[in-house]
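Down below is the structure, laid out as structure tokens.
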Number of protein chains: 2
Amino acid sequence: MHKEHTLTKNQRIIFDLIDKSPEPLKAYSILFNVQKKGIKAPPQVYRALDKLVEMGKIHKIESRNAFIACHNSSCQVAKATAFSICEICEKVTEISSASLSKYLANFKDKDGMKYSKYNLEFFGLCKKCNTR
Amino acid sequence: MHKEHTLTKNQRIIFDLIDKSPEPLKAYSILFNVQKKGIKAPPQVYRALDKLVEMGKIHKIESRNAFIACHNSSCQVAKATAFSICEICEKVTEISSASLSKYLANFKDKDGMKYSKYNLEFFGLCKKCNTR
DNA sequence: TTACATAGTGTTATATTATAACAATTTAAA
DNA sequence: TTTAAATTGTTATAATATAACACTATGTAA
């Protein structure tokens, strides 16, 4: 459950844009799209993005420097995220698999260390691109 | 098994630097360090980095925009990588776990899609930082 | 060997992504 | 209601990465 009501003006504007987008958005494309709403400079965008990521409302796709709205109630406040990325059409989908998150949350490295936070990006071809 | 012998001059210089480094190196820090060896401009660095990544000799730590030498014979030519990253000291360690790589290589998403390539970054505290 | 393709190099310029720094304003809580 | 914390607006600049083009080296196949 997210607490939508706590978003500030800029956060709201930027979240709505990302949430409506079918694909991940890059910071400067966001900037371009919200200039008519009074958000004029990069720091305004990056600050909102930082907060939204912190809240778990959006995620950063690290390999693409792009942002996508969270569509997965099980990624606890941006701590544990997994995505599939199509290398042809660049479609990004958030993976919500209880088995995967359980496996990764319990994964221990050689020293027995556990890591509560992770980001996983799978690459391949999406269904569409795979059959073309 | 890597084929060391196929590295070109610039690739060799840059790989050696990364390989000797105890921590991931950023592109411009690499550039600074190899200028005395005649590599003077960003494209020369990025081209070598691209090839080395392609070969699986180094990996890019996406969340840090930094490069680390491969220390894991099981990450097949850069296709399947996993790292742990300490959020305090920024120490990065390549994870080589047969169980993990097997699990991820066999992971199927909701549509039954398999992804042969992935990058996983775990975040937390390393042993040292955890006990301080 | 020659010639051809492919890969790598050197270089300049520029595009893209992100943050520093500081003043002003809003918000929430004591 | 006044104070602290968070948010905003703004300018400038830092950090990361690629485009484009001329040139050189390397491998290969006729």
Side-chain angles (χ1 to χ4, degrees), chain A residues 3-18 21 23-68 77-78 85 90 92 119 121, chain B residues 3-18 21 23-68 77-78 85 90 92 119 121:
Chain A
K3 23 181 186 163
E4 305 265 342
H5 55 285
T6 64
L7 296 192
T8 65
K9 183 173 136 275
N10 289 0
Q11 287 163 9
R12 175 96 263 154
I13 291 168
I14 288 173
F15 174 73
D16 284 348
L17 183 68
I18 295 173
S21 170
E23 72 230 339
L25 294 179
K26 301 187 145 232
Y28 276 73
S29 133
I30 292 168
L31 176 57
F32 177 81
N33 274 281
V34 297
Q35 277 179 330
K36 45 181 167 292
K37 300 210 169 149
I39 296 176
K40 290 177 192 152
Q44 296 175 292
V45 173
Y46 281 103
R47 283 192 293 231
L49 290 174
D50 286 351
K51 286 293 174 188
L52 291 168
V53 166
E54 229 175 65
M55 293 177 206
K57 300 275 303 171
I58 65 172
H59 304 301
K60 181 172 187 182
I61 310 302
E62 292 286 357
S63 66
R64 299 298 186 261
N65 298 317
F67 300 85
I68 192 177
V77 189
I85 302 170
E90 292 290 325
V92 173
N119 180 57
E121 298 180 7
Chain B
K3 22 180 186 165
E4 306 264 345
H5 56 285
T6 64
L7 297 191
T8 65
K9 183 172 135 277
N10 288 1
Q11 288 163 10
R12 174 97 264 150
I13 291 168
I14 287 173
F15 174 72
D16 285 348
L17 183 68
I18 296 173
S21 170
E23 73 229 340
L25 294 178
K26 300 186 146 233
Y28 275 72
S29 132
I30 292 169
L31 176 57
F32 177 80
N33 274 281
V34 297
Q35 277 177 332
K36 44 182 167 291
K37 299 209 169 152
I39 296 176
K40 290 177 192 152
Q44 296 175 291
V45 172
Y46 281 103
R47 284 191 294 231
L49 289 174
D50 286 350
K51 286 295 175 187
L52 291 168
V53 166
E54 230 176 64
M55 293 178 207
K57 301 276 304 172
I58 65 173
H59 304 302
K60 181 172 187 181
I61 310 301
E62 293 286 356
S63 66
R64 300 298 185 260
N65 298 317
F67 300 85
I68 192 177
V77 189
I85 302 170
E90 291 290 325
V92 174
N119 180 58
E121 299 180 7

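Fair warning: this is a prediction, and the values are worked out from it, not measured in the lab. Chain letters run A, B, ... following the sequence lines, proteins first, then strands; residues in each count from 1.
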Using every non-hydrogen atom in the two residues, find where [X] and [Y] come nearest and quote the distance to one decimal.
X	Y	answer
B:L31	B:A41	CD1-N, 3.8 Å
A:V45	A:A27	CG1-O, 3.8 Å
B:L7	B:Q11	CA-OE1, 3.6 Å
A:I18	A:F67	CG2-O, 3.8 Å

Indicate whether OP1 or OP2 belonging to [N] is found under 4.0 Å from a side-chain N or O atom of [X].
X	N	result
A:K51	D:dT8	no
A:K9	D:dT7	no
A:N65	D:dA17	no
A:Q44	D:dG9	yes

Passing candidate, side-chain contact (heavy atoms from CB on, under 4.5 Å) with A:I68, options A:H59, A:K60, A:E23:
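Output: one option passes, namely A:H59.
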Distance check, rounded to the nearest 0.5 Å: [X] atom [atom1] versus [Y] atom [atom2]?
X	Y	atom1	atom2	answer
B:I30	B:L49	CD1	CG	4.5 Å
A:I14	A:L25	CD1	CG	10.5 Å
A:I85	A:I61	CD1	CD1	5.5 Å

> Any sub-3.5 Å donor-acceptor pair from B:Q44's side-chain atoms to B:N10's backbone N or O?
Replying inline: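 Flag not set: sc B:Q44 to bb B:N10 has no pair under 3.5 Å.
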task: Look only at the side chain of B:E121 and the backbone of B:E62, and say whether a donor-acceptor pair between them is shorter than 3.5 Å.
output: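 At least one qualifying donor-acceptor pair exists.
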Nucleotide interval of DNA chain C bounded by contacts with chain A (heavy-atom cut-off, under 4.0 Å):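 Answer, 5' to 3': C:dT17 to C:dA21.
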- Message: Quick test of the criterion, 5.5 Å between centres and less than 30° between planes. Is B:Y46 stacked on D:dT18 or not?
- Response: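 Here B:Y46 fails the 5.5 Å or the 30° condition.
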Here's a test of your reading of the structure: between B:G38 and B:P42, which maps to the more 5' nucleotide of DNA chain C?
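Per heavy-atom nearest nucleotide, the more 5' residue is B:G38.
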Notebook entry, point to check: Of the candidate nucleotides D:dG9, D:dT10, D:dA17, which contains the atom at the shortest distance from the side chain of B:K60?
Noted result: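 Of the options given, the side chain of B:K60 lies nearest D:dA17.
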Whole angstrom value for the distance that separates [atom2] of [N] from [atom1] of [X]:
X	N	atom1	atom2	answer
A:E62	D:dA17	CD	C1'	16 Å
A:K40	D:dA12	NZ	P	15 Å
B:Q11	D:dT26	CD	C1'	13 Å
B:L7	D:dA25	CG	C1'	16 Å
A:K37	D:dT8	NZ	P	15 Å
A:R47	D:dT10	CZ	C1'	9 Å
B:R64	D:dA15	CZ	C1'	16 Å
B:L31	D:dT18	CG	C1'	14 Å

DNA chain D in dot-bracket form (Watson-Crick or G-U pairs under 3.5 Å, [ ] crossing, | inter-strand) is ||||||||||||||||||||||||||||||
